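To start, the structure itself, in structure tokens.
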Amino acid sequence: MLGRLKRRAEFVRAAKAGRKAARDTLVLQALPRTDDETRLGFTATKKIGNAVARNRAKRRLRAAARLHLTAHPAPGHDLVLIARDSTGSCPFPALMADLQSALRKAGVPPQR
RNA sequence: CCGGAUGGCUGGGCGACCGCUGGCGCCGCGAGAGAUCGCGGUUCUGGAGGAAAGUCCGGGCUCCACGGAAAUACGGUGCCGGCUAACGACCGGCGUGCGCAAGCACAGGGAAAGUGCCACAGAAAACAAACCGCCAGCCCGGUUUCGGCCCGUCUGGCAAGGGUGAAACGGUGGGGUAAGAGCCCACCGCGCUUCCAGCAAUGGCGGCGGCACGGCAAACCCCACCGGGAGCAAGGCCGAAUAGGGAGGGCCGCCACGGCGCUUCGGCGCUGGUGGCAGGGGCAUUUCCGCCCCGUCCUCCGGGUUGGCCGCGCGAAGCCUGCGGCAACGCAGGCUCCAGAGGAAUGGUCGCACACGGUUCUUCGGGACCAGGACAGAACCCGGCUUACAGGCCAUCCGGUAUC
């Protein structure tokens with residue numbers, strides 16, 4: 001599968017230097033890389049709710065990212081997806097639409 | 001049938017496709033002499049809870065400390081008897097209180113070892129006392145129809161009645177009395193006690209005592225029993241490169257200071273601890289000047305960063321049956337293997353039935369549409385407790401009603 005962001009420092013770098021795009025159901029941070037690899041990170045804060053709600057939000061983000069990036073790969077970026085209040089409860093097509101829109105806004109092109 | 005009490009079970013179901021993660025096997029690639037290891041793919045297969053939660057008790061396990069025992073301090077527990085690896089849990093029994101009942105609740109040892117506290121109110125809050133009262137006497141005063149009656153003061157007797165309080169030195173009834181009082185009597189309560197039942201807590205019959213010993217120990221305290229500390233970020237193993245630490249050995253100049261040893265006190269020997277000169281290296285190259293760095297080589301040891309591996313899933317395990325026990329629980333036999341991640345695995349889409357909620361139609365049988373699954377996610381494990389929880393199911397019991 002695609003690579004993952006695991007270290008706090010990697011998340012901080014994406015937050016400070018990456019391009020951001022906020023939607024109703026998610027927030028995207030995208031940081032270009034020097035190589036062609038794509039790495040993903042997921043964040044759900046305590047504000048989202050208890051452990052069940054946070055895990056569910058992250059799983060839905062992961063499922064949406066997997067579906068979208070297998071159809072439209074975006075090599076050469078570190079992508080961080082941050083859950084919002086509605087991430088766990090919104091209709092899944094809305095989540096997909098927000099992800100696609102956010103990627104375009106952040107200037108992550110689908111592969112030519 | 002209605003209302004209620006207690007205990008237990010369940011915790012959305014079935015199916016399809018695409019993914020995630022652990023494991024056995026197979027295939028491919030790479031490393032290696034090999035054992036094997038790493039990466040990728042794939043068939044099959046396992047994959048959250050009754051509370052996984054809070055982290056409140058008790059244990060296992062690990063490390064640290066510790067000669068044994070006792071005592072003190074500190075903390076905890078506290079009716080009795082069981083059960084258990086252990087517990088403050090659980091089971092059975094007792095007592096007290098509540099309820100028509102089934103049942104429920106209880107931090108439920110000791111108050112004649114000592115200290116302390118008992119607010120407000122009230123006369124009085126602890127070796128009792130007397131505010132309003134009740135009674136008698138005196139005859140002092142007032143009053144008088146001169147018999148007395150009433151009021152006040154004083155002296156004495158009393159604690160029934162009033163009033164305060166969470167609590168007032170037993171309660172109810174009768175006798176008794178100037179008025180009263182366990183002063184006397186009956187019953188109740190209380191205390192002591194023979195006997196009986198029980199392992200015991202405790203209970204019962206009887207006797208004795210005229211009643212004293214108020215409450216608070218979740219105030220100190222006393223008594224009995226229990227307890228070493230920290231926690232899987234425990235703890236163990238592996239561990240590259242650079243710099244740095246320690247030990248031993250080989251090699252290389254000089255001087256001074258310091259240190260150590262010996263000393264006939266003149267010195268002598270050892271010494272990379274410090275400084276200088278020399279030497280080496282660097283600042284692209286050569287000369288000079290300047291600046292910076294430095295004993296060198298070999299072997300071994302220790303610590304150990306990022307990280308990797310183990311601990312980490314056969315257990316006080318689960319299910320079924322039988323036996324013992326009122327029960328908690330124990331014993332025996334058989335069967336089963338049931339998550340092990342590490343930014344952390346269960347998600348997405350769809351179909352069919354099912355509860356619950358809302359809107360609406362209705363021929364009251366039901367139909368249509370919309371929304372949408374309670375509380376909540378393993379992080380070393382186990383026994384409990386506590387807290388959260390939509391809906392559904394089962395069993396036993398109590399009260400009422402109806403029928404026979």
Side-chain angles (χ1 to χ4, degrees):
Chain A
M1 193 198 162
L2 302 166
R4 297 293 303 277
L5 271 65
K6 293 187 176 181
R7 230 166 281 293
R8 175 174 164 74
E10 297 170 338
F11 282 84
V12 170
R13 192 165 57 237
K16 294 182 88 167
R19 309 191 55 174
K20 301 180 189 63
R23 292 293 179 268
D24 288 343
T25 61
L26 57 86
V27 174
L28 171 73
Q29 294 169 342
L31 181 68
R33 293 171 57 84
T34 55
D35 57 20
D36 273 354
E37 196 179 349
T38 302
R39 297 198 304 165
L40 288 168
F42 302 94
T43 295
T45 64
K46 293 245 175 161
K47 191 184 160 201
I48 300 298
N50 59 21
V52 175
R54 294 197 301 273
N55 285 337
R56 176 173 170 79
K58 284 201 276 188
R59 284 194 290 246
R60 297 191 92 206
L61 287 176
R62 207 175 297 134
R66 181 178 66 85
L67 281 173
H68 188 269
L69 291 178
T70 50
H72 312 285
H77 286 87
D78 279 351
L79 301 174
V80 173
L81 293 173
I82 301 169
R84 309 194 73 171
D85 288 346
S86 60
T87 303
S89 58
C90 69
F92 196 71
L95 196 59
M96 290 293 289
D98 279 351
L99 175 60
Q100 187 169 2
S101 156
L103 282 169
R104 195 179 308 124
K105 167 77 183 307
V108 180
Q111 200 173 29
R112 43 278 163 197

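Predicted model only: the values in this text are computed from it and were never measured.
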### Query
Can you tell me how far C1' in C118(B) sits from the matching atom in U77(B), rounded to whole Å?
29 Å
### Message
Suppose you measure atom P in G68(B) against the same atom in G229(B); what distance do you get, rounded to whole Å?
### Response
16 Å
### Task
Decide, for G147(B), between syn and anti: a glycosidic angle within 90° of 0 counts as syn, anything else as anti.
syn
### Query
Who does C260(B) pair with, Watson-Crick or G-U, both distances under 3.5 Å?
G269(B)
### Message
Without decimals, in angstroms, what is the distance between Arg54(A) CZ and A345(B) P?
### Response
12 Å
## Note on the structure
5'-most contact on RNA chain B (nearest-nucleotide basis), Phe92(A) vs Lys58(A), goes to Lys58(A)
### Query
Does A197(B) pair with anything, Watson-Crick or G-U wobble, both distances under 3.5 Å, and if so, with which nucleotide?
U202(B)
### Message
Can you check the distance between A113(B) and C220(B), where both ends of the measurement are the C1' atom (answer in whole Å)?
### Response
14 Å
### Message
Expressed as a whole number of angstroms, how long is the span from Phe42(A):CZ to A345(B):P?
### Response
11 Å
### Message
Closest approach to the side chain of Arg56(A), judged atom by atom: which nucleotide of A376(B), G343(B), G347(B) is it?
### Response
G347(B)
### Query
What integer number of Å spans the P atoms of G236(B) and G302(B)?
15 Å
### Query
Hey, are the side chains of Arg62(A) and Arg66(A) touching, using non-hydrogen atoms and a 4.5 Å cut-off?
no
#### Entry: Backbone of Arg23(A) reached by a side-chain donor or acceptor of Arg84(A) within 3.5 Å
yes
### Query
Should G259(B) be called syn or anti, with syn set as within 90° of 0?
anti
### Message
Rounding to an integer number of Å, can you tell me how far Asn55(A) CG sits from G47(B) P?
### Response
20 Å
### Query
What's the CG-P distance between Leu67(A) and C20(B), to the nearest Å?
12 Å
### Message
Taking only the P atom of each, what is the distance from G343(B) to G244(B) in whole angstrom?
### Response
36 Å
### Task
Quick one: look up who G147(B) pairs with, Watson-Crick or G-U, both distances under 3.5 Å, and put none if it's unpaired.
none
### Query
Considering only the P atoms, how many Å lie between C237(B) and U305(B), rounded to the nearest integer?
13 Å
### Task
State whether Asn50(A) places a side-chain N or O below 4.0 Å from either non-bridging phosphate oxygen (OP1 or OP2) of G377(B).
yes
#### Entry: Connected via hydrophobic side-chain network under 4.5 Å: Phe42(A) and Leu95(A)
yes
### Task
Rounded to the nearest 0.5 Å, what's the gap from CG on Leu79(A) to CG on Leu69(A)? Could you check?
6.5 Å
### Query
Please give, in whole Å, the distance from A344(B) P to Leu61(A) CG?
12 Å
## Note on the structure
In Watson-Crick or G-U wobble terms, with both distances under 3.5 Å, the base opposite G245(B) is C301(B)
#### Entry: CG-CE distance between Asp98(A) and Met96(A), expressed to the nearest 0.5 angstrom
11.0 Å
### Task
For A376(B) versus A388(B), give the span between their P atoms, rounded off to a whole number of Å.
11 Å
### Task
Based on the glycosidic angle (syn within 90° of 0, else anti), state the conformation of A48(B).
syn
#### Entry: Side chains of Leu81(A) and Thr43(A) in contact at under 4.5 Å (non-hydrogen atoms)
no
#### Entry: Identified pairing partner of A33(B), criterion: Watson-Crick or G-U wobble below 3.5 Å
none
### Task
Scan every strand shown for a Watson-Crick or G-U wobble partner of C369(B), both distances under 3.5 Å, and answer none if you come up empty.
G358(B)
### Summary
When rounded to whole Å, the CD1 to P distance for the pair Ile82(A) and G343(B) reads 19 Å
### Task
Rounded off to whole Å, could you give me the CE-to-P distance for the Met96(A) and G347(B) pair?
18 Å
### Task
Look at Arg62(A) and A345(B) and indicate whether a side-chain polar atom (N or O) is within less than 4.0 Å of OP1 or OP2.
yes
### Task
Would you mind reading off the distance between Arg66(A) atom CZ and A345(B) atom C1', rounded to a whole angstrom?
14 Å
### Query
So what's A217(B) paired with, Watson-Crick or G-U wobble, going by both distances under 3.5 Å?
none
### Task
Determine yes or no for a side-chain-to-main-chain donor-acceptor pair under 3.5 angstrom, with Thr87(A) supplying the side chain and Thr25(A) the backbone.
yes
### Task
Would you classify G367(B) as syn or anti? Syn applies when the glycosidic angle is within 90° of 0.
anti
### Message
Taking pairing as Watson-Crick or G-U wobble with both contacts under 3.5 Å, can you name the mate of G46(B), or confirm there isn't one?
### Response
U21(B)
### Message
Is the phosphate of U346(B) approached by Arg59(A) (side-chain N or O, under 4.0 Å from OP1 or OP2)?
### Response
yes
### Task
Report the distance from atom CD1 of Ile82(A) to atom NZ of Lys58(A), rounding to the nearest 0.5 Å.
12.0 Å
### Task
Taking syn as within 90° of 0 and anti otherwise, name the glycosidic form of C83(B).
anti
### Task
Take Arg60(A) and Ala51(A), find for each the nucleotide of RNA chain B with the closest heavy atom, and name the residue whose nucleotide sits nearer the 5' end.
Arg60(A)
#### Entry: Separation of the C1' atoms in C221(B) and U115(B), to the nearest angstrom
8 Å
